[in-house]
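Notes follow once the structure below has been shown.
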Amino acid sequence: MRVQVVTIFPELFAPFLATSLVGRAVEKGLLEVAVHDLRDFTEDRHRSADDEPYGGGGGMVMTAPPWIRAVRTLGGPREPGAAPPRRVLLSPQGRRLDEAAVRELASRGDLLLLCGRYEGVDERVRRTVVDEELSIGDYVLSGGELPAMVVVEAVSRQIPGVVGLAGSVERDSFREGLLDHPHYTRPPVVEGLAVPEVLVSGDHAAIERWRRREALRATLAKRPDLLAAAPLDDADRRELERLAGEAEDEAGED
Ligand code: 4FV
């Protein structure tokens, strides 16, 4: 997979692309990331990328021509016959990024990520050279760079062989539509709190059942909204009923 990023702060990406899982994925050639400076696509001697908003009001707006030039230059297929990259603008107006969106993006091949700054980009960028908008959450950041890194990290974990690079078979939360089960490691007792017996029992079937139950418990308690879409079997549904009853009893005791 090749990901291209366009930003006025390319220097923000270097440490991220050289570290940890993404760094190893790039090293192993499982992921190619090219970061481009939007100012290289400006034409004025001040290499300006922003201007005052029509209609007044505070702040500055990113001017369209450099973006259009950048996307037209970088947005072609990497080789003849290949699909052109998906052109994604990171913005609060975008579709909320979630596991489903990440999987979809990962299955669509190359990406061209546009990182806005200031109040945002001129609307004609969206109307001319953007395939989709993505948001990482309902809050306003100063730039699209961190959201772009979130996309790169999340999508890279979908590339076969990347998560394996972490040396452990990590099971991602949400992969099964549920929150993750609790994790424990040494020391065996912390602040008087011991590790659940089953986890040191060596009984792997029991450990799997415990992890599934705790994933259901955590999801029921913290993100019940996920349960409707989660792929649950009859045993899961029975477990959820039991857990809901247990939680009610506990609530009753308080
Ligand atoms: C954002 C988000 C975000 C808005 C104005 C950049 C900022 C500034 N992007 N998810 N939330 N972007 O806040 O993706 O240009």
Side-chain angles (χ1 to χ4, degrees), residues 1-17 21-22 31 33-42 44 46-72 74-75 85-158 172-174 223 225-226:
M1 171 182 250
R2 179 173 73 162
V3 180
Q4 298 181 93
V5 178
V6 184
T7 166
I8 60 171
F9 293 122
E11 65 275 19
L12 278 175
F13 288 81
F16 166 69
L17 296 174
L21 209 63
V22 168
L31 174 68
V33 183
V35 182
H36 304 275
D37 187 339
L38 178 70
R39 296 190 192 283
D40 295 343
F41 299 90
T42 59
D44 65 309
H46 300 298
R47 291 161 61 86
S48 52
D50 64 306
D51 205 335
E52 287 161 17
Y54 281 118
M60 300 292 271
V61 173
M62 298 196 95
T63 182
W67 281 111
I68 293 171
R69 230 173 275 119
V71 175
R72 297 245 160 97
L74 304 169
R86 186 115 181 112
R87 305 169 302 179
V88 178
L89 173 64
L90 288 308
S91 96
Q93 287 90 30
R95 171 190 176 184
R96 276 295 294 282
L97 189 71
D98 60 9
E99 183 75 6
V102 167
R103 288 192 187 161
E104 216 180 285
L105 273 179
S107 67
R108 301 189 81 127
D110 296 346
L111 294 174
L112 177 53
L113 304 178
L114 314 184
C115 307
R117 278 269 158 178
Y118 309 103
E119 298 310 306
V121 300
D122 183 292
E123 188 62 17
R124 292 158 296 182
V125 174
R126 275 182 189 81
R127 291 164 59 185
T128 56
V129 292
V130 169
D131 297 317
E132 75 176 278
E133 287 183 79
L134 277 180
S135 169
I136 64 166
D138 297 342
Y139 39 81
V140 178
L141 303 168
S142 303
E145 287 77 12
L146 293 178
M149 292 180 203
V150 168
V151 169
V152 169
E153 170 124 352
V155 167
S156 70
R157 297 174 67 86
Q158 303 291 325
D172 283 0
S173 297
F174 304 106
R223 290 292 307 279
D225 57 296
L226 294 173

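These figures come from a predicted structure and were not determined experimentally. Each ligand, and each atom within it, is numbered from 1 in the order the structure gives.
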Run the salt-bridge test on R95 and E104 with the 4.0 Å N-O cut-off and return the result as yes or no. yes

Below 4.0 angstrom, N of the basic side chain to O of the carboxylate: do R96 and D98 qualify?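 Looking at R96 and D98, the cut-off is not met.
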
For [atom], which protein heavy atom lies nearest, and how many Å away is it?
| atom | answer |
| --- | --- |
| atom 7 (C) of ligand 1 | L141 O, 3.2 Å |
| atom 10 (N) of ligand 1 | I136 N, 3.0 Å |
| atom 8 (C) of ligand 1 | Y118 O, 3.3 Å |
| atom 12 (N) of ligand 1 | P92 CD, 3.7 Å |
| atom 11 (N) of ligand 1 | Y139 O, 2.9 Å |

Least distance between heavy atoms, [X] atom then [Y] atom:
| X | Y | value |
| --- | --- | --- |
| S48 | T42 | O-CG2, 3.4 Å |
| V35 | T7 | CG1-CG2, 3.8 Å |
| G94 | S135 | O-CB, 3.6 Å |

List every atom of ligand 1 that sits less than 4.0 Å from any heavy atom of [X], numbering the atoms from 1 in the order shown and giving each element.
| X | value |
| --- | --- |
| G143 | 6 (C) |
| G137 | 11 (N) |
| V140 | 13 (O) |

Purely on distance, is any nitrogen or oxygen of R117 under 3.5 Å from one on ligand 1? yes

Looking at L90, V3, V5, which one forms a side-chain contact (heavy atoms from CB on, under 4.5 Å) with V151? L90

Measure from the side-chain N and O atoms of D131 to the backbone N and O of R87, and report whether any donor-acceptor pair falls under 3.5 Å. yes

Which is it for L134 and ligand 1 at heavy atoms under 4.0 Å: side chain, backbone, both or neither?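 Answer for L134: backbone.
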
Side chain, backbone, both or neither: S91 near ligand 1, heavy atoms under 4.0 Å: backbone

CD1-CE distance between I136 and M149, expressed to the nearest 0.5 angstrom: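 It is 10.5 Å, given to the nearest 0.5 Å.
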
